[in-house]
Amino acid sequence: MSYLSTELEEKVGMKIESYTFRVEKGKIRELALAIGDLKEEYMNGEAVPPTFPTVIDFWGGGSSSSELLNLNMKKVLHGEQEYEYFREIIPDEEITVHGVIEKAYTKASINFFVLRKDYLNEQGETVLISRSTIIERH
């Protein structure tokens with residue numbers, strides 16, 4: 001087993017600092033404008049676009065996964081994004097996000113990290129789970 005493999009294995013299970021985000025109508029509208037999906041229910045904040053978890057991640061705070069993983073950001077790519085919904089996100093609800101490094105491996109001299117995030121409502125119920133793959137070229 002190489003040093004790199006051991007180093008990557010040690011990252012599996014690392015937790016990312018939790019954060020909480022209130023789903024504000026203004027942020028829903030901003031996302032709708034940014035992605036060009038001008039449905040009335042998005043524009044007035046009555047419904048939430050399915051890619052809204054990206055807004056939660058960007059504005060929610062918490063520690064940076066790149067710092068946690070000690071990544072060279074000049075060599076990082078976003079590889080894949082997946083959302084598993086248990087129900088829709090509701091405007092004005094508060095979502096708390098807990099993240100963990102689920103997998104880490106090397107393939108063809110490239111590091112792959114799979115980050116799992118659980119999004120919970122105020123009652124502690126899972127609203128959705130996301131998985132994103134971070135790729136670091138050598």
Side-chain angles (χ1 to χ4, degrees):
M1 185 177 295
S2 71
Y3 175 73
L4 183 59
S5 296
T6 302
E7 183 180 315
L8 288 180
E9 285 176 10
E10 291 173 355
K11 296 190 184 301
V12 174
M14 290 178 79
K15 294 189 184 331
I16 293 166
E17 181 182 342
S18 297
Y19 52 92
T20 301
F21 182 86
R22 176 146 316 268
V23 180
E24 301 170 355
K25 292 181 178 188
K27 287 293 182 202
I28 298 169
R29 180 181 170 83
E30 285 178 21
L31 176 63
L33 289 167
I35 63 175
D37 193 343
L38 307 180
K39 291 180 183 151
E40 184 177 339
E41 61 266 26
Y42 297 159
M43 296 303 290
N44 63 24
E46 292 176 2
V48 179
T51 56
F52 195 80
T54 303
V55 174
I56 296 172
D57 291 344
F58 188 78
W59 292 101
S63 61
S64 165
S65 56
S66 62
E67 289 175 12
L68 178 69
L69 295 169
N70 195 29
L71 300 175
N72 178 349
M73 291 307 293
K74 293 179 181 177
K75 296 185 176 194
V76 169
L77 301 168
H78 180 75
E80 184 176 329
Q81 184 71 49
E82 153 190 332
Y83 297 114
E84 178 184 358
Y85 277 87
F86 295 92
R87 70 158 176 78
E88 292 182 14
I89 295 173
I90 300 169
D92 292 322
E93 79 178 328
E94 199 168 84
I95 300 290
T96 299
V97 182
H98 303 284
V100 65
I101 305 303
E102 193 171 62
K103 294 180 190 172
Y105 58 94
T106 299
K107 188 176 187 180
S109 298
I110 298 173
N111 294 337
F112 293 83
F113 302 94
V114 178
L115 175 60
R116 174 190 166 134
K117 292 183 180 177
D118 291 34
Y119 299 73
L120 305 157
N121 66 12
E122 293 153 293
Q123 291 74 40
E125 301 164 334
T126 302
V127 175
L128 74 118
I129 295 171
S130 76
R131 284 185 179 81
S132 57
T133 302
I134 300 168
I135 301 169
E136 182 185 33
R137 298 171 289 125
H138 291 260

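Within the 4.5 Å cutoff, the side chain of I129 has heavy atoms near those of the R116 side chain. In this structure, the side chains of Q81 and S130 come closer than 4.5 Å at one or more pairs of heavy atoms. When side chains are defined from C-beta on, M73 counts as touching V76, because their heavy atoms get closer than 4.5 Å. Using a 4.5 Å heavy-atom cutoff, the side chains of V12 and Y105 are not in contact. You'll find the side chain of I28 reaches within 4.5 Å of the side chain of V23, heavy atoms only. Looking only at side-chain heavy atoms (C-beta outward), L8 and F112 stay at 4.5 Å or farther from each other. Considering only heavy atoms from C-beta on, Y83 stays 4.5 Å or farther from P50 through its side chain. Counting only heavy atoms from C-beta outward, the side chains of L31 and Y42 never approach each other to under 4.5 Å.
When the side chain to side chain contact (heavy atoms under 4.5 Å, CB included) test is applied to N72, the partners found at least two apart in sequence or on another chain are K74, K75, E136.
Under 4.0 Å is where a charged nitrogen must lie from a carboxylate oxygen, and between E122 and R22 at least one such pair does. A salt bridge is defined here as a Lys NZ or Arg NE, NH1 or NH2 lying under 4.0 Å from an Asp or Glu carboxylate O, and E80 with K103 fails to meet this definition.
Taken from CZ in F113 to CD1 in I101, the straight-line distance is 7.5 Å, to the nearest 0.5 Å. Remark: I134 CD1 to N111 CG distance equals 11.0 Å, nearest 0.5 Å. In this structure, OG1 in T126 is found 9.5 Å from CD in E84, a value given to the nearest 0.5 Å. Here CG of L115 is found 11.5 Å from CE of M14. Values are rounded to the nearest 0.5 Å. For the atom pair Y19 OH and I56 CD1, the distance stands at 7.5 Å (nearest 0.5 Å).
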